[in-house]
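These notes concern the structure reproduced below.
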Amino acid sequence: VQLQASGGGLVQTGGSPRLSCVASGRIFGINDMAWYRQVPGNQRELVAAVTSGDYTIYGNFVQGRFTISRDNGKNTTYLQMNRLKPEDTAVYYCNTDRDWRTVVVGDFSSWGQGTLVTVSS
């Protein structure tokens with residue numbers, strides 16, 4: 001499966017961008033999906049994940065500000081981000097696997113380019 005993340009850019013504090021991740025391949029609907037983020041010098045961390053059955057989990061730092069969703073008909077996963085803070089500045093990546101544990105721990109051998117979100121104060 002190939003993934004293309006988009007929707008990042010320069011956003012003001014409090015802004016609400018929506019990130020999109022389009023997946024190629026027919027297995028999208030049965031895969032679990034997730035968004036991660038990484039600040040240079042830090043480890044990549046899980047932002048949000050959604051199972052094929054729409055069960056969701058979020059990183060503790062999200063605190064109700066983000067929503068992950070998926071549209072299987074469009075092979076797309078979204079991350080709606082609200083009330084952004086400067087500390088949300090990072091490169092956001094998406095990834096997918098049929099194994100939930102792999103998705104939760106982010107144990108992938110390859111990653112796409114991600115999309116940079118910069119939150120100005």
- Distance, nearest 0.5 Å, that separates CD of E45 from CH2 of W35: 14.5 Å
- Value rounded to 0.5 Å, distance of CG in N82 from OG1 in T67: 6.5 Å
- Are R37 and Y93 in a cation-pi contact, defined as NZ or CZ under 6.0 Å from the six-membered ring centre and within 45° of the axis? no
- Query: Is D71 reaching over with its side chain to a backbone N or O of T76, donor-acceptor style, under 3.5 angstrom?
  - Reply: no
- Task: Report yes if some heavy atom in the side chain of V104 is under 4.5 Å from a heavy atom in the side chain of R101; otherwise report no.
- Result: no
- Task: To the nearest 0.5 Å, tell me how far I68 CD1 sits from M81 CE.
- Result: 11.5 Å
- Query: Are any non-hydrogen side-chain atoms of R65 and Q80 less than 4.5 angstrom apart?
  - Reply: no
- Please check if any side-chain donor atom of T102 sits under 3.5 Å from a side-chain acceptor atom of D107, or the reverse. no
- Over 12 non-hydrogen atoms of neighbours within 6.0 angstrom of CD in Q43: no
- Would you indicate whether the side-chain heavy atoms of V47 and F61 approach each other to under 4.5 Å? yes
- Message: With a 6.0 Å cut-off (strictly less than), is the heavy-atom count around NZ of K85, excluding the residue itself, greater than 12?
- Response: yes
- Message: Tell me whether F108 shares a hydrophobic cluster with M33, the cluster being built from Ile, Leu, Val, Met, Phe, Trp, Tyr side chains joined at under 4.5 Å.
- Response: no
- Do the side chains of L3 and Y92 join up, straight or via other hydrophobic residues, at under 4.5 Å, putting them in one cluster? yes
- Does atom CG of N60 have more than 12 heavy-atom neighbours, drawn from other residues, nucleotides or ligands, at distances under 6.0 Å? no
- Quick one: does N31's side chain get under 4.5 Å of V103's, heavy atoms only? no
- Query: To the nearest 0.5 Å, what is the distance between CG (L79) and SG (C94)?
  - Reply: 10.0 Å
- Query: Would you say T89's side chain and V119's backbone share a donor-acceptor pair under 3.5 angstrom?
  - Reply: yes
- Query: Can you find a heavy atom in the side chain of T13 that is under 4.5 Å from one in the side chain of P86?
  - Reply: yes
- Donor-acceptor contact below 3.5 Å, side chain T118 vs main chain G9: no
- Query: Hey, does V117 have a side-chain heavy atom less than 4.5 Å from the side chain of V91?
  - Reply: no
- Message: Return the CZ to OG distance between R18 and S69, rounded to the nearest 0.5 Å.
- Response: 7.0 Å
- Item | Sub-4.5 Å side-chain heavy-atom contact between V105 and W100 | no
- Quick one: does NZ or CZ of R44 land under 6.0 Å from the six-membered ring centre of Y36, within 45 degrees of the ring axis? no
- Task: Taking T96 for its side chain and D32 for its backbone only, find out whether a donor-acceptor pair lies under 3.5 Å.
- Result: yes
